[in-house]
Amino acid sequence: MNTLVITIDGPAGAGKSTIARELAKRLGFDFLDTGAMYRCVTLAVLRQGVAFEDTERIARIAESLQLEMQHGRVTMNGEDVSQAIRQPEVTQHVTRVADNMAVRSVLSSLQRRYARGRRIVTEGRDQGTEVFVDSPCKFFLTASREERARRRWRELQQRGVATTYEEVLQQQDARDARDASRAVGGLRIAADAMVVDTDGLTTDEVIDQMVQRVRLEFPQLVSAADPRHAVDEGQEV
Ligand code: DC
């Protein structure tokens with residue numbers, strides 16, 4: 001089967017992961033959660049007590065990990081780490097790993113290898129701009145800062161975390177500012193990406209919009225594969 005990749009990039013809080021997972025299901029594609037890969041490396045680094053400054057050693061750790069993603073579960077060296085990689089400690093440190101150029105290179109190669117011969121929806125922040133630049137179908141999901149903060153605040157409330165909307169908004173602004181000034185892995189919109197503003201839309205409405213556009217503009221993605229649009233396999237960074 002020809003390789004076909006749909007990329008979804010965007011800021012935290014735009015609803016990327018739920019939407020990407022669901023879009024993959026609707027299209028019958030595999031789903032690749034690239035944030036989970038950065039989280040796995042971070043978990044391994046924390047467990048091994050390696051300093052985040054030791055970029056070379058961390059890149060070697062990234063290379064040595066056996067990562068598998070199937071049926072919504074993430075395994076690292078055979079261990080199910082789906083929960084462990086969502087711990088606050090991992091979330092707190094993951095940008096240290098995501099800023100490591102050598103790690104990005106290792107994980108980008110793994111992502112391309114994963115995509116080979118598959119039809120996938122991949123979600124991250126560099127998928128359309130760096131990893132799968134030849135993808136014929138790119139989305140950039142976005143939402144206003146207020147909407148993103150509101151979603152995050154509701155999610156925290158549901159989990160019983162005591163915080164205010166203003167606090168969440170303040171933290172998000174700080175994160176966005178850090179993000180915008182990142183030397184590597186910073187968020188950009190690919191020139192050929194379709195920007196989807198999710199403000200005021202339900203998850204289903206966003207997915208409907210995306211499926212409609214895929215069907216309309218890329219009928220080959222949902223019917224017979226068209227080799228002209230296949231992603232260049234095995235392309236290195
Ligand atoms: O989407 P997430 O929260 O699971 O992502 C975890 C971290 O990894 C977050 O800081 C963004 C970063 N990331 C990245 O730099 N490049 C990607 N392709 C995916 C995630």
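Start at 1 and go down the list; that is how both ligands and their atoms are numbered.
Atoms of ligand 1 lying under 4.0 Å from at least one heavy atom of Arg86, given by number and element, are 4 (O). Using a 4.0 Å cut-off to heavy atoms of Thr95, the atoms of ligand 1 that qualify are 10 (O).
Inter-residue side-chain proximity for Val196 and Thr142 is flagged as unmet; no heavy-atom pair is nearer than 4.5 Å.
By the 4.0 Å N-to-carboxylate-O rule, Glu22 lies too far from Lys16 to be salt-bridged with it.
Annotation: Asp126 places an N or O atom under 3.5 Å from an N or O atom of ligand 1; distance criterion only. For ligand 1, the polar-atom distance check against Gln111 finds no nitrogen or oxygen pair separated by under 3.5 Å. An N or O contact shorter than 3.5 Å links Thr34 to ligand 1 by distance.
Counting heavy atoms closer than 4.0 Å to ligand 1, residue Arg104 contributes side-chain atoms (C-beta onward) but none from N, CA, C or O.
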Please report the C-alpha distance between Gln111 and Met37 in whole Å, then the side-chain angles of each, then the deciding distance to 0.1 Å, and finally whether the side chain to side chain contact (heavy atoms under 4.5 Å, CB included) criterion is met. CA-CA 9 Å; Gln111 289 154 18; Met37 299 170 80; 3.7 Å; yes
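Annotation: cation-pi geometry satisfied between Arg118 and Tyr114 (NZ/CZ under 6.0 angstrom from ring centroid, within 45° of ring axis).
Although no hydrogens or angles enter the test, the distance criterion places a donor-acceptor pair under 3.5 Å between the side chain of Asp9 and the main chain of Gln127. With hydrogens and angles ignored, the 3.5 Å screen pairs a side-chain donor or acceptor of Thr164 with a backbone N or O of Glu167.
Within the set Arg96, Arg39, Arg175, the minimum heavy-atom distance to atom 9 (C) of ligand 1 is found for Arg175.
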